[in-house]
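Take a look at the structure below.
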Amino acid sequence: MIKRFEISSTKLILFVALYFGLVLNFGFWQFVAAHFEISGWTGYAFWLSLPFFLVVPLYIIFSLLIIPYLAKPLLIILLALSSITNYAMFELGIFIDAEMFRNIIETNTREALDLVNLTSILWFVITGLLPIILLLNTKIIYNSFKTELLRRLKYSLLALLIFLCFLPVSYKEYVSFGRNNREVRKLINTVNYIYAVGKHYKHQTASARHFIILDDKPTISQNTKTDSQKVLILVVGETARAQNFSLYGYDRETTPLLSKQDIISFAETSSCGTATAISLPCMFSVLNRKDFDVDDAKYMQNLMDLIKLSGYNALWLENDDGCKNVCHRITLEDMVATQNPKHCEKDFCRDEVLLEGLEERIAKLKGNTVIVLHTMGSHGPTYYKRYTDDFKKFQPTCDTSDLQKCSKEEIVNTYDNTILYTDFIISSVIDILKKFPQYETGLIYMSDHGESLGENNLYLHGLPYAIAPDEQTKVPFLVWLSPQLKQAAKLDTVCLKKDARLGSYSHDNLFHSILGLLDIQTKVYNPKLDVFQNCEK
């Protein structure tokens, strides 16, 4: 075929990045236009930076991929696929993820042909086929390897620098918009379907993995079997940072009820991760933070498995966004599914729903029992939805999901109200347990991760652990034990409070501390990580 056009590789990289970023991402631009409301000059800066947000990463990627012999075949494939997905997202409102990819490969010929119409053909011809024909009739001019390398490095760094210049101004908008619209990542064309394909086949590979049994015969010690019934409630917090608990020295009274309970608060407790998807399964895993892998954890016994196998009743009451595979082999009750009119609104419930019927549930228990309450806690950015008006103590508040519209004071006030509400929830559970002196009862509260509220211009959570600030990694770790349980476990409370005040702890301690407190004998128990072990009389 005669080449009618010529273009240098560096110009081709730029044109391709612009075309994929701007033209083949109509679905993305449509979504942003519908969901982002410009407020102030930072909003305009956000919009101005968005093209760079898409184009710069694509430019760097294509700088690596556009090389002799590979460039044209690869670009032809990507142009064809991205043209089709561009149409599907813009015209059909489809989001591309691993589940959608599985639907695609399982679609039969008839279903696929049903999607072929004049509009879809025109989309493909104009945005896919014509660029492919143009590419086939274009000769790509390459320089020497050294010249190509230096130019691509120079232009990639320049493009990255331009984008980074927007971040100090628009970071808050990016974080808030991303948290409020997590699905938008599934609309970033080309990247989305490549990621979806990879994730799908990763799941396919993982599904054949062997499940690791840590201990197939954990047992309850004879002392526990013959003593009175044990009932332990583990409250898993969501997005609660220790800095805003008055129990930890915060200058606001955010935990007035817990301050009146006989609480042991463990200082300097670090989370395993900065997001629930990592921290929650890590909390219940025998693996410590440095060795933890979330994919490995799915195929390994966890704390709840051992509790159940030992003979305890194990119940998980879910009021957040799922147990992340931790509760799949024990009894699970979804609070949102109850649609309790007093506490639930469509797709979420306030944590008071966990208190409904809890006393009656405990009264009917037969045998030793562990109940996990997975709370909604301080889940952002819609902090204002996490509590009732009775807990709107700190004002003015940020009553919107768009944090960029609120001042730092309003955001902190709203967040502190969520902690005040959490204080009520935990204290209420303790008061319920106190009604059962015939049992050995206890409560442990630990949050999955913390939250940034504007410190250093950071918001929400999820930063890589290596660079995450303390606000995202320092979490509250609280323990309440009934006199009956303290006596049965032979715990020196004075010693325990001293250790809690002076020691350094993490999510790594939870697994072994609960095993020890429940007198569960298993070969994976590590007494060195049991926070109660040092204070047994």
Side-chain angles (χ1 to χ4, degrees), residues 1-33 50-51 53-98 100-142 184-198 200:
M1 184 181 294
I2 299 175
K3 307 298 182 184
R4 293 184 294 168
F5 306 101
E6 290 186 355
I7 188 171
S8 67
S9 61
T10 50
K11 287 183 180 179
L12 178 64
I13 293 169
L14 176 61
F15 291 154
V16 168
L18 288 170
Y19 186 73
F20 275 81
L22 303 181
V23 178
L24 295 181
N25 264 290
F26 283 167
F28 172 84
W29 294 112
Q30 179 188 49
F31 183 91
V32 176
L50 267 181
F53 173 78
L54 288 187
V55 173
V56 169
L58 288 170
Y59 183 89
I60 294 172
I61 291 171
F62 285 123
S63 292
L64 299 173
L65 297 180
I66 293 181
I67 57 177
Y69 305 110
L70 176 65
K72 283 192 176 183
L74 183 61
L75 286 176
I76 289 170
I77 294 172
L78 294 179
L79 281 167
L81 292 175
S82 296
S83 174
I84 295 170
T85 52
N86 191 29
Y87 163 79
M89 291 185 294
F90 186 81
E91 291 287 351
L92 304 178
I94 290 174
F95 290 77
I96 308 296
D97 57 12
M100 181 55 63
F101 176 72
R102 183 169 65 180
N103 292 338
I104 292 171
I105 62 176
E106 293 178 359
T107 298
N108 58 41
T109 304
R110 180 191 57 80
E111 292 172 322
L113 290 176
D114 286 343
L115 297 174
V116 178
N117 52 48
L118 181 60
T119 303
S120 63
I121 293 172
L122 285 174
W123 267 82
F124 178 72
V125 170
I126 295 172
T127 64
L129 185 58
L130 290 179
I132 289 174
I133 293 173
L134 181 61
L135 178 66
L136 287 173
N137 286 276
T138 300
K139 180 180 181 180
I140 306 173
I141 307 299
Y142 295 96
V184 72
R185 60 185 174 81
K186 300 175 184 178
L187 295 174
I188 302 178
N189 204 12
T190 305
V191 176
N192 56 358
Y193 63 77
I194 292 175
Y195 176 79
V197 172
H200 172 79

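Numbers here simply count residues along the sequence, with the first being 1.
- Residues L54 and L22 are not in side-chain contact: their nearest non-hydrogen atoms beyond the backbone lie 4.5 Å or more apart.
- Note that NZ of K186 is 9.5 Å distant from OH of Y195, once rounded to the nearest 0.5 Å.
- The backbone N or O of T138 sits less than 3.5 Å from a side-chain atom of K72, completing a donor-acceptor pair.
- Here the straight-line distance linking atom CD1 of I140 with atom OH of Y69 works out to 12.0 Å at 0.5 Å rounding.
- Contact between S83 and G128 at its shortest, heavy atoms only, is OG-N, 3.5 Å.
- Every residue was checked against the side-chain contact (heavy atoms from CB on, under 4.5 Å) condition with L64, not counting sequence neighbours, and none meets it.
- Contact of the I141 side chain with the I7 side chain is not registered, since no non-hydrogen atoms from C-beta on lie closer than 4.5 Å.
- Atom OG1 of T190 and atom CD1 of I61 lie 8.5 Å apart (nearest 0.5 Å).
- Between W29 and F90, the ring center distance fails the sub-6.0 Å criterion.
- Counting heavy atoms from C-beta on, the side chains of I96 and L187 never come closer than 4.5 Å.
- The main-chain N or O of L79 is never found under 3.5 Å from a side-chain atom of S82 such that the two would form a donor-acceptor pair.
- Here the CD1 atom belonging to I126 is positioned 11.5 Å from the CD1 atom belonging to I121, to the nearest 0.5 angstrom.
- Judged by distance alone, the side chains of Y142 and S8 never bring a donor and an acceptor atom under 3.5 Å apart.
- Residues L58 and L18 form no side-chain contact, since every pair of their non-hydrogen atoms from C-beta on lies 4.5 Å or further apart.
- Nearest heavy atom pair, residue Q30 against residue M89, reads OE1-O, 4.3 Å.
- A search for ring-ring contact (aromatic ring centres under 6.0 Å, His included) contacts involving F20 returns F62, not counting sequence neighbours.
- By the ring-ring contact (aromatic ring centres under 6.0 Å, His included) test, Y19 pairs with no residue at all, sequence neighbours left out.
- Contact of the I13 side chain with the L65 side chain is not registered, since no non-hydrogen atoms from C-beta on lie closer than 4.5 Å.
- Using a 4.5 Å heavy-atom threshold, the side chains of L134 and L130 count as separate.
- The two atoms that bring N189 and L24 nearest to each other are ND2-O, 2.7 Å, heavy atoms only.
- Within the 4.5 Å cutoff, the side chain of N25 has no heavy atoms near those of the F31 side chain.
- One distance of note links CD1 of I188 with OH of Y193; it measures 13.5 Å at 0.5 Å rounding.
- Side-chain atoms of N86 never come within 3.5 Å of backbone atoms of I84 as a donor-acceptor pair (strictly under, hydrogens ignored).
- Taking CD1 of I77 as the reference point, atom CG of L74 lies at 6.5 Å (rounded to 0.5 Å).
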